[in-house]
Asker: 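Have a look at this one before I ask anything.
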Amino acid sequence: MAGALLKQSVGTFRVSYPGESQSVSTFIKAPQPLDAEYFRTRLLGWFDQYGRTHLPWQQDRSPYRVWVSEIMLQQTQVTTVISYFERFMQRFPDVETLAAAEQDEVLHLWTGLGYYARARNLHRAAQCVVSEHDGVFPVESVTALSALPGIGRSTAGAIIAQATGQRAPILDGNVKRVLTRLHGVEGWPGKPEVEKRLWQLAEHYTPQWRCADFTQAMMDMGATLCTRRRPSCLLCPFEADCVAHARGEEHRFPASKPKKEKPVRQTLMLMLRDGNGHVLLEQRPSSGLWGGLWGMPQFDDHEALRAWLAREMPGSIVGEQWPCFTHVFTHFRLEITPVQAHLSRRGGHPAVSGRRWYDPDQPDSIGLAAPVKALLESLSSSSLL
DNA sequence: AAAGCGTGGGC
DNA sequence: TGCCCAAGCTT
């Protein structure tokens with residue numbers, strides 16, 4: 001209850017009374033945080049009853065398993081991650097196995113999960129842990145962990161808290177939602193000054209003891225109770241303390257990202273097949289969209305496509321054009337027009353590094369972007385050849 | 001500092 | 001359907 005708060009945060013009591021919220025409106029713009037001990041006690045009490053304890057990465061906890069799960073969970077929902085995590089652990093049970101693998105196979109297990117830089121960084125980090133840290137994760141500090149590719153401040157905190165129980169704050173989307181509502185923090189949390197304030201609050205509340213449970217509890221609150229839409233405020237242990245709830249403005253927090261116009265990009269995707277029905281794939285540059293994955297050669301226009309074919313694959317014949325389909329990304333809309341072509345001769349293709357002939361009926365273990373994978377699957381059952 | 005990076009889900 | 005967002009990090 002509010003009565004457990006410290007004296008210096010006495011002003012926050014008033015926001016529990018909606019009728020008076022107007023008269024204290026200047027005050028509640030920047031309320032004091034709750035007493036940390038009060039907050040932890042209530043949160044952990046809630047967690048003991050309602051927290052999640054049966055997620056795959058919560059069993060058999062090790063820095064390695066926690067690390068892989070945290071990377072997969074970046075900007076990705078729990079229900080999506082679970083099956084990927086299980087497959088990944090089966091194939092790469094420890095950091096040595098992962099470090100020794102080919103990047104292609106790592107990307108293969110990442111296919112469909114998105115943000116493929118995560119997989120490339122994960123692979124590099126595994127090799128770094130093995131070669132530079134003797135196979136032991138540097139969980140002694142946020143700084144040491146953050147030095148590994150793909151691990152930022154929040155992920156480092158999560159790994160330390162979950163794998164060792166040591167005190168380390170986190171600040172992910174769930175925690176941001178809980179904290180912005182609890183304190184009525186205005187502004188988009190992606191803005192540096194807002195994020196700075198949220199880190200201060202996270203630092204304030206994070207305890208020395210039961211830190212694994214505490215950080216998990218914050219995420220569980222955000223994921224199951226303090227949800228983006230229709231939060232279950234009546235079940236929340238901080239109903240009486242929450243600034244947003246007192247104002248009846250839960251939906252306003254966190255403020256949404258300023259939106260920008262989505263550009264439309266168009267591209268041609270060459271589906272070149274040889275006499276065996278195999279499809280030509282190229283490895284994409286290691287940075288940028290679908291970096292490091294395999295895909296069909298891409299062109300801006302037909303002229304570029306024809307010129308490339310004449311130069312690289314003499315004897316090929318351009319066939320029909322498939323209907324354009326659209327893939328919507330976060331920041332742009334990609335209109336893809338598949339163009340079919342085939343080689344008139346049989347066999348005898350020179351092996352070129354970065355290129356391969358892919359049999360849609362017997363897929364290799366390589367990384368494919370979701371739309372490319374879908375196209376290849378449609379080829380395997382079609383009779384277009 | 002701000003943009004780039006995927007995909008699937010919810011409404 | 002279109003839009004917003006999800007256990008963020010890198011450049």
Side-chain angles (χ1 to χ4, degrees), chain A residues 52 55-58 66-85 107 110-122 124-125 142 145-159 161-162 168-178 188-196 198-199 202 212 215-224 226-230 251 253-265 284-293 295 326-334 367-374:
Chain A
R52 293 178 291 187
L55 298 171
W57 42 89
Q58 293 178 312
V66 171
W67 169 55
V68 172
S69 75
E70 290 298 335
I71 300 299
M72 286 188 171
L73 285 161
Q74 287 169 1
Q75 301 286 281
T76 310
Q77 304 196 79
V78 167
T79 52
T80 303
V81 164
I82 289 177
S83 63
Y84 282 87
F85 179 80
L107 287 172
W110 214 270
T111 284
L113 202 50
Y115 284 142
Y116 298 95
R118 295 183 295 173
R120 301 193 307 271
N121 287 333
L122 195 76
R124 273 205 299 149
V142 168
L145 270 183
S146 304
L148 293 169
I151 300 181
R153 183 174 174 183
S154 186
T155 298
I159 294 171
Q162 293 303 317
I170 63 168
L171 188 62
D172 66 352
N174 288 311
V175 179
K176 284 176 177 173
R177 190 163 51 250
V178 171
W188 176 53
K191 272 183 81 154
E193 70 228 50
V194 179
E195 188 162 51
K196 185 180 171 191
L198 294 174
W199 270 115
T215 56
Q216 186 63 48
M218 288 295 283
M219 293 189 282
D220 288 356
M221 284 265 300
T224 69
C226 196
T227 50
R228 189 162 67 87
R229 279 177 307 238
R230 298 169 45 95
H251 62 281
F253 299 92
S256 61
K257 177 181 179 169
K259 61 176 151 191
K260 283 181 183 164
E261 215 171 309
K262 241 182 223 177
V264 177
R265 305 183 198 169
R284 301 174 61 90
S286 61
S287 65
L289 186 71
W290 300 333
L293 301 187
T326 298
H327 202 74
V328 181
F329 292 87
T330 308
H331 298 292
F332 62 95
R333 174 187 307 270
L334 188 61
L368 298 173
V372 173
K373 191 182 177 190

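Owing to the predicted nature of the structure, the values given are computational and were not obtained by experimental measurement. Just so we're on the same page: letters track the sequence lines, and every chain starts at 1.
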Asker: Just by modelled atom types, is the Val66(A) backbone N or O under 3.5 Å from a matching donor or acceptor in the Gln162(A) side chain?
Answerer: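 Here the side-chain-to-backbone pair does not exist.
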Asker: Quick one: on DNA chain C, does Pro254(A) or His331(A) contact a more 5' nucleotide (nearest heavy atom)?
Answerer: Pro254(A)
Asker: How does each nucleotide of nucleotides 6-11 of chain B score, in 5' to 3' order, for protein heavy atoms under 4.0 Å: base (B), sugar-phosphate only (S), or none (-)?
Answerer: BBBSSS
Asker: So which heavy atom on Leu368(A) is nearest to which on Leu293(A), and how close?
Answerer: C-CD1, 3.9 Å
Asker: Who passes side chain to side chain contact (heavy atoms under 4.5 Å, CB included) against Ala117(A), sequence neighbours left out?
Answerer: Arg120(A), Asn121(A)
Asker: Which part of the nucleic acid, if any, lies within contact of Ser69(A), taking any heavy atom under 4.0 Å across all strands shown: a base, the sugar-phosphate backbone alone, or nothing?
Answerer: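 No contact at all - Ser69(A) keeps every heavy atom at 4.0 Å or more from the nucleic acid.
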Asker: Taking side chain as C-beta onward, heavy atoms only, is Val178(A) less than 4.5 Å from Met218(A)?
Answerer: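 Side-chain contact under 4.5 Å: yes.
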Asker: Measuring only the C1' atom in each nucleotide, how far is dA3(B) from dA7(C)? A whole number of Å is fine.
Answerer: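 To the nearest whole Å, 22 Å.
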Asker: For Phe85(A), give me all partners under ring pair (Phe, Tyr, Trp, His ring centres under 6.0 Å), at least two apart in sequence or on another chain.
Answerer: Trp57(A)
Asker: Students often get this wrong, so: under 4.0 angstrom with heavy atoms, is Trp57(A) touching a base, only sugar-phosphate, or nothing?
Answerer: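 Counting heavy atoms under 4.0 Å across all strands, the contact made by Trp57(A) includes a base.
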Asker: What do you reckon, are the aromatic ring centroids of Trp290(A) and Tyr115(A) less than 6.0 Å apart?
Answerer: no
Asker: Roughly, in whole Å, what's the span from NZ in Lys259(A) to P in dA3(B)?
Answerer: 16 Å
Asker: Answer with base, sugar-phosphate or nothing: what part of the nucleic acid does Val78(A) contact at a heavy-atom distance below 4.0 Å?
Answerer: base
Asker: State which residues pass side chain to side chain donor-acceptor pair (under 3.5 Å) with Arg118(A); sequence neighbours excluded, sorted by chain then number.
Answerer: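 Counting only residues at least two positions away or on another chain, Arg118(A) forms a side chain to side chain donor-acceptor pair (under 3.5 Å) with Thr76(A).
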Asker: Check every nucleotide of DNA chain C for an atom under 4.0 Å from a heavy-atom of chain A, then give the first and the last such nucleotide from 5' to 3'.
Answerer: dC4(C) to dT10(C)
Asker: Mind checking side chain to side chain donor-acceptor pair (under 3.5 Å) for Gln75(A) and listing every partner two or more places apart, or none if nothing turns up?
Answerer: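 Partners of Gln75(A) under the side chain to side chain donor-acceptor pair (under 3.5 Å) test: none.
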Asker: Reckon Lys260(A) has a side-chain N or O less than 4.0 Å from the OP1 or OP2 of dA3(B)?
Answerer: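 The answer is yes; a side-chain N or O of Lys260(A) sits under 4.0 Å from OP1 or OP2.
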